[in-house]
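Heads up, the thing below is written out as structure tokens.
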Amino acid sequence: MGAFSLHFSTIITACFAVAFFCRPQSVQAENASSSSVVIDTTAAGKPFPHFWEQAFGSGRADLVLTHSYVENAKATKKATDFRYVRFHGILDDSMGIMAPDTQGHMHYNFHKFDAVYDNLLRLHIRPYVELSFMPSLIGSDLLRRNSGLEPLMNMTASEPPKPVTDFSKGALWYRANVTPPAHMEEWNDLIRALVTHLEQRYGKDEVRKWPFEVWNEPDQATWVGFPRMESYFALYDNTARTIKSVDPALQVGGPSTGAIHWVGDFIDHVVRYHVPVDFISTHIYANDPPDLLNLPKSPENTGNTVCDATRVARATLTRSSLHHLPLYISEFGADWDMKNGTAERSWISPWLAETIRDCDGLAPIMSYWTFSDDFEEQGVADRELPGAYGLLSSRGIPKPAFNAFALLHQLGNMRLPVSPQNSDILATRNNNQGISLALWNRSHDQKKVMSFDLQGLKTKKASLVIIDEHHGTPQDLYNAMNRPATPTDVQTQALVNAAHIPEAQQIAVHATGNIIVLPPESLALLVVQ
């Protein structure tokens with residue numbers, strides 16, 4: 001009966017194919033909700049670019065050089081074929097880019113910088129370049145600028161820099177320097193040298209495909225300029241103009257704020273002062289506090305915070321003279337707290353599917369935060385699971401979020417009309433004219449009986465996969481192991497095996513009267529060839 005027979009033992013004898021795929025007159029499911037959907041398989045449909053898997057976020061630049069990061073990037077690339085990765089800290093002190101000599105003359109050392117980008121490009125992944133954070137030797141924190149070796153009262157911003165030895169102050173667990181530059185011309189010199197170096201090493205045609213985003217969340221604790229917004233705009237203006245002075249064809253944008261802050265202010269600013277901009281970027285999480293977002297009530301709002309906020313940002317851009325620019329959601333997720341174990345839980349799978357349904361058409365890139373648990377903003381995770389909010393644990397154990405992305409990757413590139421429109425189903429057509437459907441159930445405790453017609457479709461064979469709280473997750477086995485903080489290699493491999501997506505079940509589908517029973521917190525993929 002396949003991997004899901006335990007969920008549907010009460011209706012096995014009534015079904016034509018397998019226990020979870022039945023004809024409508026035969027289903028009697030206790031403790032279940034129901035819905036009926038009509039899909040026109042002959043409709044022309046509309047383009048459905050896979051905006052949710054174009055880019056992923058990840059830990060800071062240093063971690064790109066670790067084995068686990070690279071292996072998890074390979075696995076995610078195989079599952080989603082993502083194109084870009086974004087991370088903090090390419091300019092952090094640990095990257096060693098600023099290299100003063102004993103006389104205080106500044107040189108640039110791109111050795112480690114090159115290693116990071118080389119690693120990505122070998123994997124056929126391009127950098128979405130977040131220009132952060134401030135190298136201490138040119139920052140305005142005088143203690144860090146002068147290595148913490150002199151009494152603060154004896155320091156001035158004009159003193160020659162010394163090698164950094166003190167990291168006692170800063171934001172995030174790894175003490176990023178989030179101050180403005182002491183002298184803007186020093187920052188401009190660094191950006192000019194950096195961009196020139198990139199084009200010399202990787203070629204103009206390649207680097208012109210990379211978005212350059214100025215800073216990360218300057219509206220929050222990762223920027224301490226004052227006044228906060230105005231000082232960030234000064235940084236953006238200088239950075240954008242410097243980048244364009246090297247190559248006008250390079251892409252630069254911002255403000256990269258949290259909770260869709262400053263989008264309208266930023267647009268007004270760059271328009272008023274004729275500052276170069278090629279895209280607008282911001283962030284949104286499902287658990288951002290309502291009073292922080294201040295979303296207006298609208299008939300278009302779905303109750304999905306991520307998409308409602310993205311829709312507001314999109315509308316702000318559309319109303320402006322920059323309406324032709326793309327909106328990049330360079331961070332999104334269900335939860336910004338890495339300690340909540342979001343990606344480990346089965347409810348993330350239907351949440352992702354619903355977010356894709358509701359956000360379709362709003363932004364060409366929505367970058368999920370993050371693909372790997374190689375991540376240390378809030379400290380080093382103290383357990384393999386739940387770990388952080390990566391799709392994969394640091395040892396490569398797939399979580400439900402990873403398997404959800406892998407299933408949703410198989411959706412086609414044309415979206416078919418569904419009636420009613422807000423049904424928990426995404427219907428798509430592939431290039432080869434095959435039909436792929438994602439169906440989901442967000443209920444925590446009820447099964448869902450979904451009845452659907454495939455208008456215009458003759459009876460065909462199809463494959464069906466369902467992931468839920470017991471399938472496509474390592475949780476049951478991990479709990480049976482008493483949740484070891486650091487699994488052994490043998491335990492890790494067993495958990496990887498347990499987390500695999502279940503084998504597809506072969507079934508028959510019909511033009512009318514198809515029924516699928518979805519367990520609580522589940523996501524299904526039905527592929528008709």
Side-chain angles (χ1 to χ4, degrees), residues 55 61 83-92 95 97-98 106-110 113-114 116-117 120-121 126-135 138-139 177-178 180-218 222-223 225 229-257 262-263 266-267 269-282 317 322 324-328 330 364-365 367:
R83 299 165 55 210
Y84 293 98
V85 68
R86 175 181 176 272
F87 46 79
H88 307 323
I90 194 63
L91 303 179
D92 276 0
M95 295 298 294
I97 288 175
M98 310 301 295
M106 192 63 66
H107 302 282
Y108 303 111
N109 178 359
F110 294 115
F113 180 92
D114 292 343
V116 166
Y117 286 160
L120 294 178
L121 293 170
R126 291 189 169 106
Y128 180 116
V129 182
E130 177 200 301
L131 292 170
S132 72
F133 289 104
M134 188 61 58
I138 62 172
N177 190 328
V178 295
H183 306 290
M184 192 64 76
E185 63 268 22
E186 293 180 329
W187 170 263
N188 292 342
D189 288 345
L190 170 62
I191 297 301
R192 185 178 300 106
L194 181 152
V195 173
T196 300
H197 172 80
L198 286 173
E199 290 203 332
Q200 290 173 346
R201 183 173 179 82
Y202 302 110
K204 287 186 176 182
D205 290 343
E206 173 61 32
V207 180
R208 286 171 177 173
K209 296 181 175 72
W210 304 2
F212 285 81
E213 185 180 60
V214 181
W215 214 253
N216 172 74
E217 297 187 352
T222 44
W223 177 252
M229 184 167 66
E230 290 79 359
S231 62
Y232 169 73
F233 286 172
L235 183 80
Y236 178 84
D237 296 354
N238 277 270
T239 308
R241 288 174 173 142
T242 300
I243 288 173
K244 293 292 188 177
S245 73
V246 176
D247 184 352
L250 292 175
Q251 305 173 55
V252 62
S256 187
T257 44
W262 299 2
V263 170
F266 178 78
I267 292 170
H269 171 81
V270 296
V271 169
R272 179 179 181 182
Y273 294 101
H274 307 286
V275 186
V277 62
D278 299 290
F279 60 89
I280 305 298
S281 65
T282 189
L317 179 55
L322 301 181
H324 58 287
L325 295 184
L327 171 68
Y328 295 162
S330 52
I365 292 179
S367 178

| task | For side chain to side chain contact (heavy atoms under 4.5 Å, CB included), just list the numbers for His197 and Asp114, CA-CA rounded to whole Å, side-chain angles, deciding distance to a tenth of an Å, and then say yes or no. | result | CA-CA 10 Å; His197 172 80; Asp114 292 343; 2.6 Å; yes
| request: Take Thr222 and His88 through the test side chain to side chain contact (heavy atoms under 4.5 Å, CB included) and record every step on the way to the result. | output: CA-CA 11 Å; Thr222 44; His88 307 323; over 6 Å; no
| request: Could you walk me through whether Met98 and Tyr108 pass side chain to side chain contact (heavy atoms under 4.5 Å, CB included), step by step? | output: CA-CA 5 Å; Met98 310 301 295; Tyr108 303 111; 3.9 Å; yes
| message | Is there a side chain to side chain donor-acceptor pair (under 3.5 Å) between Arg86 and Asn216? Walk through the geometry before answering. | response | CA-CA 11 Å; Arg86 175 181 176 272; Asn216 172 74; 2.8 Å; yes
| said: Show, in sequence, the C-alpha distance, side-chain angles and deciding distance for Ser367 and Tyr128, and conclude whether the side chain to side chain contact (heavy atoms under 4.5 Å, CB included) test is met. | reply: CA-CA 10 Å; Ser367 178; Tyr128 180 116; over 6 Å; no
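Here the side chains of Leu190 and Pro135 are in contact, with some heavy-atom distance below 4.5 Å. Residues His324 and Leu322 have side chains in contact (heavy-atom distance under 4.5 Å, counting atoms from C-beta outward). Proximity of Leu317 to Val263: side-chain heavy atoms (C-beta onward) are nowhere separated by under 4.5 Å. Asp92 is listed as a side-chain neighbour of Phe133, based on a closest heavy-atom distance under 4.5 Å. Glu130 has its side chain out of reach of Ile90: every pair of non-hydrogen atoms, C-beta onward, lies at least 4.5 Å apart. Within the 4.5 Å cutoff, side-chain heavy atoms of Pro180 are placed close to those of Trp223. In this structure the side chain of Met229 never reaches within 4.5 angstrom of the side chain of Phe266, judged on heavy atoms. Side chains of Glu206 and Leu121 form a contact here, defined as non-hydrogen atoms less than 4.5 Å apart.
Closest of all the heavy-atom pairs between Pro218 and Pro255 is CD-O, 3.3 Å. Here the shortest heavy-atom pairing between Asp189 and Arg192 reads OD1-NH1, 3.1 Å. Smallest separation of non-hydrogen atoms from Val246 and Glu199: CG1-OE1, 4.3 Å. In this structure, Trp187 and Leu131 approach most closely via the heavy-atom pair CH2-O, 4.4 Å.
Here the CD atom belonging to Glu213 is positioned 9.0 Å from the OG1 atom belonging to Thr282, to the nearest 0.5 angstrom. Between the OG1 atom of Thr239 and the CG atom of Leu194 there is a distance of 10.5 Å, given to the nearest 0.5 Å. Between the CG atom of Leu325 and the CD1 atom of Ile280 there is a distance of 5.5 Å, given to the nearest 0.5 Å. With values rounded to the nearest 0.5 angstrom, Ile138 atom CD1 is found 10.0 Å from Met184 atom CE. With values rounded to the nearest 0.5 angstrom, Gln200 atom CD is found 9.5 Å from Phe110 atom CZ. Note that OG of Ser256 and OH of Tyr232 are 6.5 Å apart. Values are rounded to the nearest 0.5 Å.
A donor-acceptor pair under 3.5 Å is formed between the side chain of Ser132 and the backbone N or O of Gly89.
Under the 30°/60° scheme for interplanar angles, the aromatic rings of Phe87 and Tyr117 are found to be tilted. Relative ring orientation between Tyr273 and His269 is described as tilted, the plane-to-plane angle lying within the 30° to 60° band. Using cut-offs of 30° and 60° on the angle between ring planes, the pair Trp210 and Tyr202 is tilted.
Checked against a 6.0 Å centroid threshold, the rings of Tyr236 and Trp262 do not count as neighbours.
Ion pair Arg208/Asp278 not flagged as a salt bridge, since none of the NZ, NE, NH1 or NH2 atoms sits closer than 4.0 Å to an Asp/Glu carboxylate oxygen. Taking 4.0 Å as the cut-off between side-chain N and carboxylate O, Lys204 and Asp247 do not count as a salt-bridged pair.
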